[in-house]
Amino acid sequence: MANVDELHGEAHVQRYLETNGEEGFHWKGTEILILFTKGRKSGDERRHALIFRTWEDNAYLVVASKGGADAPPAWFLNLQDNPEAEIQVKDERIAVRARVANDEEKPAMWSRMVEVWPDYDDYQTKTSRPIPVVVLERV
């Protein structure tokens with residue numbers, strides 16, 4: 001079986017869900033949640049392992065970086081189409097509503113995310129697209 005730090009994509013999601021986050025929550029010095037969205041074209045459930053940080057009492061932050069690609073990740077487009085989603089943090093499934101951090105709050109939120117994944121700053125230099133911080137608020 002692969003080292004959890006070597007997991008990516010669906011393999012990471014699968015291991016996380018099978019173990020309720022016992023394997024996959026901690027990844028490369030960060031913490032991971034699973035985001036469940038509805039495909040904007042298919043309507044099918046989509047699952048993504050994402051680095052996150054908590055924010056205030058009822059929110060979680062994720063970054064729609066796609067490694068600095070010019071196009072945003074599909075999960076972000078799905079959330080734009082339907083901001084109602086769910087996340088799983090360890091064994092807890094949580095209903096959330098997504099929104100993009102506004103210009104006033106984004107610097108502090110970006111800084112919080114860069115603390116655990118400094119590559120976000122590098123990703124932003126690779127694209128002219130402003131990389132959004134997505135706020136997932138409990139509903």
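If you read the sequence from its start, that first residue is 1, and numbering goes on from there. The structure presented is a predicted model; accordingly, all values stated were derived computationally and were not measured.
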Between side-chain atoms of residues 30-41 and protein atoms elsewhere (two or more places apart, or another chain), which donor-acceptor pairs fall under 3.5 Å?
residue: Thr30; atom: OG1; partner: Trp27; partner atom: O; Å: 2.6
residue: Thr37; atom: OG1; partner: Asn78; partner atom: ND2; Å: 3.3
residue: Arg40; atom: NH1; partner: Asn78; partner atom: OD1; Å: 3.0

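- Residues that satisfy the side chain to side chain donor-acceptor pair (under 3.5 Å) test with Tyr123, not counting sequence neighbours, are Trp117.
- For the side chain to side chain donor-acceptor pair (under 3.5 Å) condition, the pairs that include at least one residue of residues 48-59, sequence neighbours left out, are Arg53-Glu115.
- In this structure, Glu105 contributes its side chain and Asn102 its backbone to a donor-acceptor pair below 3.5 Å.
- Counting heavy-atom neighbours within 6.0 Å of Asp44 CG, excluding the residue itself, gives a total above 12.
- Judged purely by atom type and a 3.5 angstrom limit, Ser111 has no side-chain atom pairing as donor or acceptor with the backbone of Pro107.
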Run Val100 and Phe76 through side chain to side chain contact (heavy atoms under 4.5 Å, CB included) and show every step you take. CA-CA 10 Å; Val100 173; Phe76 179 73; 3.7 Å; yes
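- For Arg47 and Gln14, the side-chain atoms include at least one donor-acceptor pair closer than 3.5 Å.
- The side chain to side chain donor-acceptor pair (under 3.5 Å) check on Thr125 picks up nothing, with sequence neighbours excluded.
- Here salt bridge (Lys or Arg N to Asp or Glu O under 4.0 Å) pairs that include residues 60-85, with residues two or more places apart or in two chains, are Glu84-Arg97.
- Within the structure, salt bridge (Lys or Arg N to Asp or Glu O under 4.0 Å) contacts touching residues 128-139 (residues at least two apart or in different chains) are Glu92-Arg138, Arg99-Glu137.
- Side chain of Tyr16 to main chain of Lys90: a donor-acceptor pair is present (N/O by atom type, distance under 3.5 Å, no hydrogens or angles).
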